[in-house]
Amino acid sequence: MSENKDFLRTIVEEDLKSGKNKEIVTRFPPEPNGFPHIGHAKSICINFGIASDYNGHCNLRMDDTNPTKEDTKYVEALKDAVKWLGFDWGDKVHFTSDYFPKIYDYAIELIKMDKAYVDSLSEDEIREYRGTVTEAGKRSKYAERSVEENLDLFERMKNGEFKDGEHILRAKIDMGAANMKMRDPLLYRIRHIHHFRAKDEWSIYPMYDFAHCLSDYIEGVSHSICTLEFENNRDIYNWVLDTLGLKSKRPYQYEFARLGINYTVMSKRKLLELVEAGQVSGWDDPRLPTIAGYKRRGYTPESILNFCDGIGIAKANSMVDVAQLEFCIRDDLNTKVPRVMCVLNPLKVTIENYDGNEELDASYYPDDVPKDGSRKLPFSREIYIERDDFIENPPKGYFRLTPEQPVRLKHAYIISCKEVIKDDNGNIVEIKAEYYPDSKSGSDTSGIKVKSAIQWVSAKDAKRVEVRVYDRLFKDEAPEGIEDINPDSLQIIKNALIEPAVITDRPDERFQFERQGYFYADPIDYTDEKPVFNKIVGLKDSWGKKKKTPLKIAKSQTKKVQIDGEVVAMSESEQRLFDNYTGKLNLNSEVANTLARDEKLSSFYEEAISANNSPITIANIVANEVARELKEKQVDELKFNAVQIAQLVKMIDDTTISNKIAKQVFEEMVKSGENPTKIVESKGLIQISDPSKILPIIDEVIAKNPDNVAKFKAGNTKLIGFFVGQVLKATGGKANPKVVNELVAKILL
RNA sequence: UGGGGUAUCGCCAAGCGGUAAGGCACUAGUUUUUGGUACUGGUAUUCGGGGGUUCGAAUCCCUCUACCCCAUCCA
């Protein structure tokens with residue numbers, strides 16, 4: 001495993017180390033209501049990847065709690081995707097619907113605890129009662145129903161006695177919760193509809209928030225990993241499990257940012273829109289970011305895996321450049337795939353001094369790919385080359401055939417242009433050329449230097465093939481919808497010409513068409529009579545790039561000026577404190593401000609200075625270190641007190657310890673509540689300021705790092721921090737950093 | 001607007017008080033019978049802005065700003 005692991009793996013490792021978990025169990029829990037896309041692939045890689053990295057296992061679970069949208073064809077697609085990516089879900093696929101009876105029992109339990117109730121408000125009323133983000137909601141009058149009544153109603157809901165929407169089961173939490181999700185979330189709704197799996201057994205179906213945490217728990221999941229938009233749902237997740245008292249082997253939820261890729265869309269809704277509007281040929285259209293699409297296009301599972309690995313896992317919303325995906329497929333195919341010759345846009349070349357027929361030996365792989373295999377390449381008087389490979393009046397730096405410049409036919413002879421034949425409109429229709437008999441590939445004695453070797457096919461031997469050239473589906477980097485579609489995303493070339501061995505030998509299904517890109521024999525439309533190839537991705541093209549974008553628009557250098565927002569004014573009493581702090585106690589205004597505006601801090605501060613009259617040092621510690629501890633705690637929850645802080649400061653003031661050590665001691669106080677002087681004593685943290693003790697250590701560090709000494713002497717003065725750090729490390733942090741700094745500077749300068 | 005998140009190179013992303021990793025993209029060169037590949041180099045005096053604490057801050061504190069998520073009987 002790489003040393004830089006992502007935050008999820010860090011959590012997993014800590015949980016394993018601390019003994020919180022003995023075994024790692026994850027799960028990939030899609031709702032079977034659409035075709036999986038590369039975003040799912042990321043989730044699959046994370047969940048199955050983490051499980052396998054830590055010798056755990058990962059369940060494949062269909063989250064099928066909403067029968068109106070789900071279908072068995074999607075579960076097949078999901079299974080295919082996981083299998084294709086090379087993961088194994090063990091003996092069976094799990095379904096949330098398998099847990100319906102258990103989940104129902106848990107609901108009953110909640111009702112009995114008076115933690116859930118049957119509400120009979122209408123849908124609109126429920127929405128209205130929920131309040132808004134700034135206003136608290138109000139609870140339904142039905143929340144007062146007795147446990148018995150709730151039990152009765154809920155059972156009758158299950159038995160199908162009520163119509164859709166008549167009643168609903170809700171958790172009794174808090175209608176005023178700041179987190180909207182916690183305002184008595186819905187647990188069960190009535191749905192008289194056929195479930196693709198549970199058939200017609202149920203009239204009620206659990207909601208995501210109730211079913212998901214319980215399914216995780218039932219399966220013994222240790223780490224429930226989902227995407228960022230579920231952050232707010234985590235509170236319910238925990239509430240359900242905690243309220244039901246499900247303690248042992250309880251799962252915890254963690255969230256990561258979902259995958260975004262530029263020039264495409266990833267949402268189910270937008271994908272569906274494209275399919276239904278006929279903008280693409282189906283869910284497996286090679287331009288779509290669906291797994292089926294990539295598969296049809298010719299992407300390999302390895303390339304997708306590498307891509308997912310390469311983009312990392314984090315919590316920042318991000319948009320990955322498609323170029324990164326394209327790199328992964330090129331990188332994968334480069335070492336795997338045979339090179340063949342295909343001409344997409346043919347230009348006829350007649351070699352006037354050639355009359356024979358010969359078959360050339362040609363390796364399928366270049367020298368730098370350690371694979372064997374070759375084919376026979378028919379050569380004849382009439383050939384086709386790519387139209388782009390001849391220019392009558394070439395630009396500077398053009399390496400291919402011109403009236404003046406010869407070129408090598410890959411695996412064959414060098415030719416030069418003798419005559420350019422044009423039609424009435426001035427379009428080039430044919431080149432008359434001459435070949436050099438002694439320039440044959442592999443036994444070239446001609447001595448002619450060419451700048452390039454181009455692909456070609458023999459006119460009478462070439463096979464006609466259809467080539468589908470795909471470009472990005474959208475012209476906009478962050479497309480909104482159909483209006484941003486790239487009209488040229490599909491170009492069908494009906495009459496491309498390919499060397500015969502590709503069709504007759506079929507040495508592979510993926511090829512590199514020399515100098516053009518990687519192509520895939522379409523798994524559906526390809527027939528021997530009518531071969532069809534999909535372009536997977538082009539080769540990197542530094543020539544084409546040079547031509548197209550000679551000048552890049554220099555991005556505006558102007559740094560954005562940020563306007564500071566208004567700061568809330570201090571109250572009168574805060575102002576009084578502030579004036580006192582800056583005036584009488586001589587604190588700097590920032591520190592005084594921090595203290596004065598926070599009641600907890602100011603009272604803590606006052607208490608500390610009454611124990612040790614060192615207002616400035618204490619203020620700094622309180623405003624910086626204590627403030628951190630008090631962010632989410634009350635004073636009486638702290639393990640240390642103001643008097644101890646006063647003692648700590650005393651040791652700083654009389655230089656017993658350095659600021660750095662003080663921080664270390666403070667950490668310890670936070671954890672144990674131990675007296676600071678005792679901590680210093682027991683750990684021997686008294687600082688070393690005597691140069692005669694420090695000097696030898698500095699010498700040692702300098703001797704060990706000659707490179708950095710050289711860099712420093714060359715002017716990299718910020719390396720002083722490196723040396724100080726090393727010396728401090730060697731002394732266990734005890735050396736007086738001020739002294740070390742001075743000493744190091746003196747020695748090295 | 002209340003709550004929950006997130007900001008490090010053009011795009012991803014490490015980093016958790018002591019020298020700003022790595023990949024993609026870009027760029028220069030070497031090799032090359034693919035303008036491919038491979039190889040070698042160059043790309044952040046600076047981490048959303050401003051202050052503060054410290055010998056030393058991307059990392060700790062204060063504050064401001066921008067973006068994302070939450071008011072489906074969807075997941």
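Naming convention: chains lettered A, B, ... in sequence-line order (proteins, then strands); numbering from 1 in each chain. As a basis for the values below, the full set of heavy atoms in this structure was taken, side chains included, without hydrogen atoms, waters or symmetry mates. Please read these numbers as outputs of a predicted model, since none were measured by experiment.
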- prompt: Under the criteria of a ring-centre distance below 5.5 Å and an interplanar angle below 30°, is A:Tyr208 stacked with the base of B:A75?
  reply: no

query: Any side-chain N or O of A:Ser318 less than 4.0 Å from the OP1 or OP2 oxygen of B:A13?
result: yes

Euclidean distance for C1', B:A20 against B:U53 (whole angstrom): 22 Å

field: Minimum-distance nucleotide (side-chain atoms of A:Phe327 versus B:C61, B:A57, B:C24)
entry: B:C24

- prompt: For A:Gln253, what residues pass the side-chain hydrogen bond (donor to acceptor under 3.5 Å, both in side chains) criterion, not counting sequence neighbours?
  reply: A:Glu255

Distance-only criterion, 3.5 Å: show the donor-acceptor pairs between side-chain atoms of residues 707-729 of chain A and protein atoms not counting sequence neighbours.
none

message: What does the B/S/- profile of nucleotides 62-67 of chain B look like, 5' to 3', with a 4.0 Å heavy-atom cutoff to protein?
response: SSSS--

Distance-only donor-acceptor hits, side chain of residues 206-215 of chain A, under 3.5 Å, sequence neighbours excluded:
from: A:His212; atom 1: ND1; to: A:Asp63; atom 2: OD2; distance (Å): 3.1
from: A:His212; atom 1: NE2; to: A:Arg27; atom 2: NH1; distance (Å): 2.6
from: A:Ser215; atom 1: OG; to: A:Ala211; atom 2: O; distance (Å): 2.6

query: If the C1' atom of B:G17 is compared with that of B:C11, how far apart are they to the nearest Å?
result: 30 Å

message: Work out how far the P atom of B:U8 is from that of B:C67, and round it to whole angstrom.
response: 15 Å

Salt bridge (charged side-chain N to carboxylate O under 4.0 Å, His left out) involving A:Lys440 - partner list, sequence neighbours excluded: A:Glu358

field: salt bridge (charged side-chain N to carboxylate O under 4.0 Å, His left out) involving A:Lys663 - partner list, sequence neighbours excluded
entry: A:Glu625

- request: Apply side-chain hydrogen bond (donor to acceptor under 3.5 Å, both in side chains) to A:Tyr581 and list each qualifying residue two or more places apart in sequence or on a separate chain.
  value: A:Glu606

message: According to salt bridge (charged side-chain N to carboxylate O under 4.0 Å, His left out), who are the partners of A:Asp235, at least two apart in sequence or on a separate chain?
response: none

message: Expected output is a numbered-order residue list: members of residues 361-371 of chain A with a heavy atom under 4.0 Å from any atom of RNA chain B. What is it?
response: A:Pro366, A:Asp368

query: B:G56 C1' sits how many Å from A:Ile661 CD1, rounded?
result: 15 Å

message: Closest approach to the side chain of A:Lys540, judged atom by atom: which nucleotide of B:U72, B:A57, B:G36 is it?
response: B:G36

- line: By salt bridge (charged side-chain N to carboxylate O under 4.0 Å, His left out), A:Glu667 pairs with (sequence neighbours left out) A:Arg628

field: Ring centre gap for A:Phe519 and A:Phe511 strictly below 6.0 Å
entry: no

query: Dot-bracket for RNA chain B, 5' to 3', with Watson-Crick and G-U pairs under 3.5 Å, [ ] for crossing pairs and | for other-strand pairs: what is it?
result: .(((((((.[[[..)..(...]]].(((((.......))))).....[[[[[..)....]]]]])))))).....

- prompt: Across the strands shown, which category fits A:Val724 at heavy-atom distances under 4.0 angstrom: base, sugar-phosphate, nothing?
  reply: base

message: Please list all pairs meeting salt bridge (Lys or Arg N to Asp or Glu O under 4.0 Å) that have one or both residues in residues 181-192 of chain A, counting only residues at least two apart or in different chains.
response: A:Arg139-A:Asp184

query: Where the side chain of A:Lys315 is concerned, which of B:U19, B:G5, B:C11 is the nearest nucleotide?
result: B:G5

task: Mark this stacking check for A:Phe399 against B:G35 as yes or no, applying ring centres under 5.5 Å and ring planes under 30°.
output: yes

task: Pick the P atom in B:C39 and in B:A44, then give their distance to the nearest Å.
output: 22 Å

- prompt: Is the distance from OP1 or OP2 of B:C73 to the nearest side-chain N or O of A:Arg130 less than 4.0 Å?
  reply: yes

